Amino acid sequence: MEIFENATLREASVGLEQYATLPRLAVVGLVFCLTFLLWRPQASSQPPSLQEAIPLVSNTYLFMTNKEAFIRKAADFVRGRFDIVQFRLGLKKIYLVTGEKNVQALMKSTPGLRAETGVETLLESVWAMPKEEVQHWRLDKTGRGKTPLPGTEGLPDDRRFWYISHQIYDNYLTAKKYADNYTLKFYDIFEKHLDSMPVSSEWSTFGVYDWVRHQMAECALMSVMGTHIIDMNPGFLDALWDTDRVTPDLVAGFPRWMQPGPYDIRDKFYAMARKWVETSMAQFDFDGPDQDVDWEPLFGARVTREQAKWMSQNHCGETLGGFFGTFAAGVVANSVPAATWALMELLKDPELYQEVRAEVQTAVVTDPETGKRSMNVPKLLTLPLLQSVYVETMRLHVSYSIFRAVTQPVTIGGYQIEEGAAVLATTCIAHVDDAAWNAQGTHPASQFWGARHIKFVEEVDEKGNKATVPKFAMAARPSSFFPYGGGQSICPGRHVAKQHLLMMLALLLARFEIEMIEWVNGDGSKSDREPEHVSAYVGVLAMPPDRDMKARWRKMW
């Protein structure tokens, strides 16, 4: 949910692409002409530079045409040799940092490092925010902390847009009370949805990705944004996925006259979102008995209602459609691909599938009077192997970059980073570092291993019997694992996203018997290979598969 990085949707790639939004030929021509005027050899006190055939041109062009290849090139250059490397995108200097201490520096509230800069470039192209509203957010340099950053104390409290929005998420989404309530609501909606499905005890086939992106997505949306948004907008999910598909184009920032299609798709979806917000605002009694309830059908979760109320009070009406359109995308556009990969990883490995399925069964409870079966939700959320599979999924199928703009000179890894530059750390390096994830040398970090985060410990039960039991234990330090970002801009919905994914897997594995049949292309024909990541999402967050898995299932209860 990763998406739940609503205020910072796709911050990772924007941090770089904000410097590469002109037409490609124009950029290439510009930097080519300036190369010999501006290029100077790097000072020895600076970290090594990422090599390029034509200074100021080659890396920029590679990034603009093949971001995946660019990140791979940078990763190969630093791996095992450097902690920091510098390069330019056009005339902008970027520092790519690796290593736990350097990554931690980006996660801290370090003076001189600002997370909001990358988001500001999205306000018009992705949020569809009018210029006058954009100005409100750009004038706010106070940060997301309770205390304004030094030198910004003069801004009135009600104009601290980043802080107020952050607090709404922190109070009503990240807080354990609300995260747990939204999880239980998802469980209730998803369980009823499974009960109503036309799947019997006889085998039937389905597409894994197609099913998750529609069935799970609808339940997740309703658990966070209410049932009203789906009821009043036929085709809302299809419009959401259409917009998600063109979001990388919007992030790139090309003007509407160059690519009208993505903007038209975006506007159609945002019109649906705005219609829902305005209708819900008109119907909900903010002074009535439901003003403090955790969930109600119009807005869904309280966090959604509080955001809508605050934005309406602060004259952000023109932005409501774009904001809540990206909010909806944040609910599902990242958790759905991650959940899909997790289920695919299990089904293609029958042994792992059976092990996780057996573990999930330990969380099934039966009512002694009615015989009705259900899940012990607190227990299933702590199952060790299920959690290990979750971490492996996020580690290998999420591509995220922490981006910070340098607003005053800072020192990282022994190097002084000058004002005006940018610093980033990427999971493309940290998440596949063998030194961090394969300390025993048994399973390469580049490979999915479901039990990577399991340790066996000896315990003594209440009767004094000793037993060796599995425990979940992250195989690397937290600073080597940041699929949700880090610092104050970390995804506020990370707990809800994790619980949605674990719950979906647990309920499917407990209630159905599922078997993989084959890999299929988008048209349903048999594929000659396994799915790969859709490269356009590299650096964005969860990367969707470029094809589907055909499977069969039958209902067990």
Side-chain angles (χ1 to χ4, degrees), residues 2-27 30 60 63-65 67 89-90 92 94 114-140 161-162 165 239-274 277 307 311 316-331 333-334 399-401 403 405 422 424 485 489 534-541:
E2 308 92 20
I3 322 170
F4 259 134
E5 187 71 87
N6 305 300
T8 57
L9 182 65
R10 307 191 187 283
E11 171 183 337
S13 63
V14 174
L16 295 177
E17 292 192 19
Q18 62 173 315
Y19 306 118
T21 57
L22 295 176
R24 293 175 182 172
L25 291 179
V27 170
L30 174 63
T60 299
F63 176 81
M64 294 178 66
T65 57
K67 186 166 54 178
L89 290 180
K92 190 71 177 182
I94 313 291
R114 186 168 187 264
E116 291 78 25
T117 301
V119 186
E120 289 174 352
T121 64
L122 292 177
L123 298 180
E124 288 188 60
S125 62
V126 177
W127 284 20
M129 184 180 288
K131 293 183 183 299
E132 58 271 22
E133 291 186 18
V134 170
Q135 191 65 11
H136 294 316
W137 294 80
R138 285 184 170 161
L139 286 174
D140 178 12
F161 282 54
W162 296 109
S165 183
L240 184 155
W241 292 123
D242 286 341
T243 304
D244 179 72
R245 175 175 51 82
V246 301
T247 294
D249 298 320
L250 297 172
V251 166
F254 294 109
R256 189 169 197 141
W257 64 266
M258 289 188 64
Q259 52 172 20
Y263 285 93
D264 292 341
I265 292 171
R266 179 202 71 177
D267 291 349
K268 175 184 175 182
F269 176 54
Y270 287 178
M272 291 181 174
R274 183 169 181 175
V277 178
Q307 277 285 6
M311 293 189 72
C316 297
E318 294 296 319
T319 306
L320 287 173
F323 181 88
F324 284 101
T326 56
F327 184 90
V331 175
N334 295 286
S399 175
Y400 189 84
S401 297
F403 170 83
L424 69 92
S489 61
V534 177
S535 60
Y537 292 82
V538 171
V540 174
L541 281 183

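These numbers were taken from a predicted model, which means no experiment stands behind them. Heavy-atom basis, side chains included; hydrogens, waters and symmetry copies ignored.
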K.L.:
Supply the atom-to-atom distance Phe403 CZ to Ile94 CD1, rounded to the nearest 0.5 angstrom.
P.N.:
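Output value for this atom pair is 6.0 Å.
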K.L.:
Looking only at atom types and distance, does a side-chain atom of Ser399 sit under 3.5 Å from a main-chain N or O of Val538, one as donor and one as acceptor?
P.N.:
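No: the side chain of Ser399 does not pair with the backbone of Val538.
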K.L.:
Decide yes or no for Lys268 and Asp242: does some side-chain heavy atom of the first lie under 4.5 Å from some side-chain heavy atom of the second?
P.N.:
no
K.L.:
Keeping the roles fixed (side chain from Arg266, backbone from Ser125), state whether a donor-acceptor pair exists under 3.5 Å.
P.N.:
yes
K.L.:
Compare every heavy atom of Thr326 with every heavy atom of Phe323, then report the nearest pair and how far apart it is.
P.N.:
O-OG1, 2.7 Å
K.L.:
Go through it in stages, so that I can follow the logic: the residues are Tyr537 and Asp244, the test is side-chain contact (heavy atoms from CB on, under 4.5 Å), and I'd like the CA-CA distance, side-chain angles, deciding distance and then a yes or no.
P.N.:
CA-CA 10 Å; Tyr537 292 82; Asp244 179 72; 3.0 Å; yes
K.L.:
Side chain of Ser165, backbone of Trp162: donor and acceptor closer than 3.5 Å?
P.N.:
no
K.L.:
Restricting to non-hydrogen atoms, name the atom on Leu320 and the atom on Met311 that form the minimum distance, rounded to 0.1 Å.
P.N.:
CD2-CB, 4.0 Å
K.L.:
How far apart are the closest heavy atoms of Ala328 and Phe269, and which atoms are they?
P.N.:
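For Ala328 versus Phe269, the nearest heavy atoms are CB-CZ, 4.3 Å.
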K.L.:
With side-chain contact (heavy atoms from CB on, under 4.5 Å) as the criterion, how do Glu116 and Trp137 come out once you've worked through the C-alpha distance, each side chain's angles and the decisive distance to 0.1 Å?
P.N.:
CA-CA 9 Å; Glu116 291 78 25; Trp137 294 80; over 6 Å; no
K.L.:
So how far is it from Trp257 CH2 to Tyr263 OH, rounded to the nearest 0.5 Å?
P.N.:
11.5 Å
K.L.:
Identify the two heavy atoms, one from Ala239 and one from Met272, that lie closest to each other, and give their separation to 0.1 Å.
P.N.:
CB-SD, 3.9 Å
K.L.:
Could you give the distance from CZ (Arg256) to CG (Leu250), rounded to the nearest 0.5 Å?
P.N.:
9.5 Å
K.L.:
Give, for atom CD of Gln135 and atom CD of Glu120, the distance between the pair rounded to the nearest 0.5 Å.
P.N.:
9.5 Å
K.L.:
Roughly how far, to the nearest 0.5 Å, is CZ of Arg138 from OG1 of Thr117?
P.N.:
10.0 Å
K.L.:
In Å, rounded to the nearest 0.5 Å, how long is the span from CG of Asp264 to CD of Gln259?
P.N.:
10.5 Å
K.L.:
Could you tell me how the ring of His136 sits relative to the ring of Phe161: parallel (under 30°), tilted (30 to 60°) or perpendicular (over 60°)?
P.N.:
parallel
